[in-house]
Amino acid sequence: MAENLFDLTGQVAVVTGASRGLGQYFSRALGRAGAKLIVTSRKAGDCDAFIAELAAMNIEAKALVLDVRDEASIKAFAEAAPKQFGKVDILVNNAGMNIRKRALEVTWDDWNAILDTNLRGPFFVAQAIARHMIAQGYGRIINVGSVTSVRGSAGLGPYGASRGGIKQLTMSLADDWGEHGITVNVLAPGWFKTNQNKAMYEDEGWVEYLVERIPMKRPGAPNDLDGAVVFLASEASRYVTGQTILIDGGISVGATRALVKK
Ligand SMILES: NC(=O)c1ccc[n+]([C@@H]2O[C@H](COP(=O)([O-])OP(=O)(O)OC[C@H]3O[C@@H](n4cnc5c(N)ncnc54)[C@H](OP(=O)(O)O)[C@@H]3O)[C@@H](O)[C@H]2O)c1
């Protein structure tokens, strides 16, 4: 029988920030492909309902507490993670946040909150988990980026800086850890309705504006990310590293749209 390049049976995946939103989409996809899961939230108990949902899908999962802005929390988490199922093969650095403000309104604290959560945190989580991956000679690190990893946007200055930073960081980590059998890539989602942006989706005019700019003519749906996360977590991507894969219905290619009348 041909090798199933996308089978994650026997693999252990950590998904940070899985108490809601995209972290849960990624977890379900990896679990359905056969992985055991370690899911995280800042508050103990916030992943309990999700663990029960996964159990009903026959997906084995455990929860750990992790605040990526807190060095001690990252250390405790990194020590506990490999003990849950004996190892960690896959890390999805998903935990993140956003504050939408035009540049003149951004405060010092806004900047720190966004950059600490979306760039410094994922770096130190990856560093801590990579120590285990290096010891086992294998790993898949998937850093979550965004369309703002490659495009600018008013109101998203610090967020875009964090997402552009994660793209650059990923290339350096790929170079650093490739010799240990570890791949490091960015999965960059386009527009998906979650807690982070639900207020925007309540504005019909904005949704119309958005959809007009997406070549596939719709926002992202939960399962649209499944293929990419399983690909980057599996043998299928064994020679892919340092790359940024946009799952965005094509919105990132639309920069010249205004120049051409359709
Ligand atoms: N939704 C989109 O369209 C979209 C597009 C591109 C990229 N993204 C990125 O995808 C990721 C998930 O986004 P989402 O839309 O699912 O957001 P969300 O619904 O707001 O969920 C964010 C998750 O991150 C966790 N988190 C926040 N701050 C944290 C911290 N300091 N330490 C540890 N965990 C923390 C939250 O967990 P607790 O609050 O339970 O701790 C929560 O589980 C983010 O990195 C986001 O920037 C989202």
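Everything quoted here is computed from the prediction, not taken from an experiment.
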Practice task
Indicate the ring-plane relationship of Phe6 and Phe231, choosing parallel, tilted or perpendicular according to the 30° and 60° boundaries.
Solution key: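 Ring orientation of Phe6 relative to Phe231: tilted.
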Return the [atom1] to [atom2] distance between [X] and [Y], rounded to the nearest 0.5 Å.
| X | Y | atom1 | atom2 | result |
| --- | --- | --- | --- | --- |
| Arg131 | Trp177 | CZ | CH2 | 8.5 Å |
| Arg69 | Arg120 | CZ | CZ | 7.0 Å |
| Ser162 | Lys167 | OG | NZ | 14.0 Å |
| Met97 | Asp116 | CE | CG | 9.5 Å |
| Asn197 | Arg100 | CG | CZ | 5.5 Å |

Exercise for the section: Ignoring hydrogens and angles, tell me if any N or O in the side chain of Arg151 forms a donor-acceptor pair with the backbone of Ser252 under 3.5 Å. Expected result: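 The answer is yes, because a donor-acceptor pair under 3.5 Å joins these two groups.
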Side chains of [X] and [Y]: closer than 4.5 Å at any heavy-atom pair?
| X | Y | result |
| --- | --- | --- |
| Phe85 | Gln11 | no |
| Leu246 | Val147 | yes |
| Asp89 | Arg140 | no |

Practice task
Flag this pair as yes if the NZ/CZ of Arg213 is under 6.0 angstrom from the six-membered ring centre of Tyr209 and inside a 45 degree cone about the axis; otherwise no.
Solution key: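 Cation-pi check for Arg213 and Tyr209: passes.
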Problem - From Ile38, Leu91, Ile90, residue fulfilling side chain to side chain contact (heavy atoms under 4.5 Å, CB included) relative to Val12 - result: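 With Val12 as partner, Ile38, Leu91, Ile90 yield a single side chain to side chain contact (heavy atoms under 4.5 Å, CB included), made by Ile38.
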Handout entry: Val14, Thr16, Val229 screened by side chain to side chain contact (heavy atoms under 4.5 Å, CB included) with Asn94, the one that passes
Key =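 Looking at Val14, Thr16, Val229, the match for Asn94 under the side chain to side chain contact (heavy atoms under 4.5 Å, CB included) is Thr16.
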Practice task
Check the side chains of Ser172 and Asp175 for a donor-acceptor pair under 3.5 angstrom, ignoring hydrogens and angles.
Solution key: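 There is no such pair (donor and acceptor under 3.5 Å, judged by atom type) between the side chains of Asp175 and Ser172.
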Exercise for the section: Could you go through the salt bridge (charged side-chain N to carboxylate O under 4.0 Å, His left out) check for Glu79 and Lys75 one step at a time? Expected result: CA-CA 6 Å; Glu79 209 167 292; Lys75 282 195 174 138; over 6 Å; no
Practice task
Would you check, one step at a time, whether the test side chain to side chain donor-acceptor pair (under 3.5 Å) holds for Asp7 with Thr9?
Solution key: CA-CA 6 Å; Asp7 184 10; Thr9 305; 2.6 Å; yes
Practice task
Take Arg218 and Asp224 through the salt bridge (charged side-chain N to carboxylate O under 4.0 Å, His left out) test and state the conclusion after the steps.
Solution key: CA-CA 11 Å; Arg218 63 172 177 83; Asp224 290 338; 2.7 Å; yes
Handout entry: Shared hydrophobic cluster for Ile59 and Val92 (ILVMFWY, side-chain gaps under 4.5 Å)
Key =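 Ile59 clusters together with Val92.
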